[in-house]
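Notes follow the structure.
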Amino acid sequence: PLVTKSLSECIHILVILGASGTEVTLSPRMTTIGAYMFANTKITSIELPKKITSLGSHAFYNCTELKSIVVPGQVTTINDYVFANCTSLESVELPLGLKQMGKFSSGAVQDTWGYIFENCTAIKEITIPYTVTSLQTGNFKGWTKDQVIKVSELKGAPSGWLWDEGNWDLGCEATVI
């Protein structure tokens, strides 16, 4: 029964049942968008509550009808694959104050994941806030030469780091300015 499910599972079930063109508005009390919460759904738009601080892994993965999103100003972390394969996504507004794009584990095994905007080929231009201190692997994989990524040097990173090291642009042909 639906009543035994978590809030995340209930929302996912309700959105999956929705037809193409679904618009979603969430409770203003929500503080986190959980992993896979809207993955593989037909949502076209969503208004994220201002109190959201984190977007979980794969939260909007493969939402092929999602057109635009404004990430709230309280969000400091966007985890891996959040918008991957959102092929209709045309507009993304990232907040000043965003610090981490992708996931980094610093235990015995050093793994990095990103792929946040992988295959989001409808986005014409995106601006990465200067407050970002961690930009992980493949965040723009599948981007074409017709797309633009506006990036300033990462806060606290050595001069030239963004251009010379890391794999943040793995598989990306976009113009970086």
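Computed from a predicted structure; not experimentally measured.
- Contact detail for Gln147 and Ala122: the closest heavy-atom pair is NE2-N, 4.3 Å.
- The side-chain heavy atoms of Leu26 and Ile52, taken from C-beta on, include no pair separated by under 4.5 Å.
- Residues Asp80 and His58 are in side-chain contact: their nearest non-hydrogen atoms beyond the backbone lie under 4.5 Å apart.
- Remark: Asn119 engages Asn85 in a side chain to side chain contact (heavy atoms under 4.5 Å, CB included) (not counting sequence neighbours).
- For residues 82-94, the set of pairs meeting the salt bridge (Lys or Arg N to Asp or Glu O under 4.0 Å) definition, not counting sequence neighbours, is empty.
- Nearest heavy-atom pair, Leu98 versus Thr131, reported as atom, atom and distance to 0.1 Å: O-OG1, 2.8 Å.
- Of all non-hydrogen atoms in Thr87 and Thr121, the two that sit nearest each other are O-OG1, 4.5 Å.
- Applying the salt bridge (Lys or Arg N to Asp or Glu O under 4.0 Å) definition to pairs two or more places apart or across chains, none involves residues 67-77.
- Ring geometry for Tyr61 against Tyr81 counts as perpendicular: the plane angle is over 60°, on a 0 to 90° scale with 30° as the lower cut.
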CA sep, side-chain torsions, deciding dist, call: Ile128, Phe140, side-chain contact (heavy atoms from CB on, under 4.5 Å): CA-CA 12 Å; Ile128 308 301; Phe140 305 99; 3.6 Å; yes
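- Between Ile33 and Val82, the closest side-chain pair of non-hydrogen atoms is not below 4.5 Å.
- Thr31 pairs by the side chain to side chain contact (heavy atoms under 4.5 Å, CB included) definition with Lys51, not counting sequence neighbours.
- When atom types are taken as modelled, the side chain of Asn139 and the backbone of Ile116 share a donor-acceptor pair closer than 3.5 angstrom.
- Side-chain contact between Cys120 and Ile126 is absent, with no heavy atoms from C-beta onward closer than 4.5 Å.
- The side-chain heavy atoms of Phe83 and Ile123, taken from C-beta on, include no pair separated by under 4.5 Å.
- With rounding to the nearest 0.5 angstrom, the CE atom of Met37 is 8.5 Å from the OG1 atom of Thr32.
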Worked verdict on Ile69 versus Ile46 for side-chain contact (heavy atoms from CB on, under 4.5 Å): CA-CA 7 Å; Ile69 194 157; Ile46 185 165; 3.7 Å; yes
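- When every heavy atom of Glu23 is checked against every heavy atom of Ser45, the shortest pair comes out as CG-OG, 3.2 Å.
- The main-chain N or O of Gly142 is never found under 3.5 Å from a side-chain atom of Glu118 such that the two would form a donor-acceptor pair.
- No side-chain donor-acceptor contact under 3.5 Å links Thr64 to the backbone of Cys86.
- Pro95 approaches Pro72 most closely through the heavy-atom pair CG-O, 3.3 Å.
- Gln74 pairs by the side-chain hydrogen bond (donor to acceptor under 3.5 Å, both in side chains) definition with nothing, not counting sequence neighbours.
- Here the OG1 atom belonging to Thr22 is positioned 10.0 Å from the NZ atom belonging to Lys42, to the nearest 0.5 angstrom.
- Ring planes of Phe60 and Phe38: parallel class, angle under 30° (limits at 30 and 60°).
- Contact record, Pro49 with Ser27: CG-O, 3.1 Å, taken as the closest heavy-atom pair.
- With sequence neighbours excluded, the residues forming a salt bridge (Lys or Arg N to Asp or Glu O under 4.0 Å) with Glu125 are Lys150, listed by chain and number.
- Summarising the geometry, atom OG1 belonging to Thr41 is positioned 9.0 Å from atom CD belonging to Glu65; distances are rounded to the nearest 0.5 Å.
- Remark: the backbone N or O of Ala39 is not paired with any side-chain donor or acceptor of Asn62 at under 3.5 angstrom.
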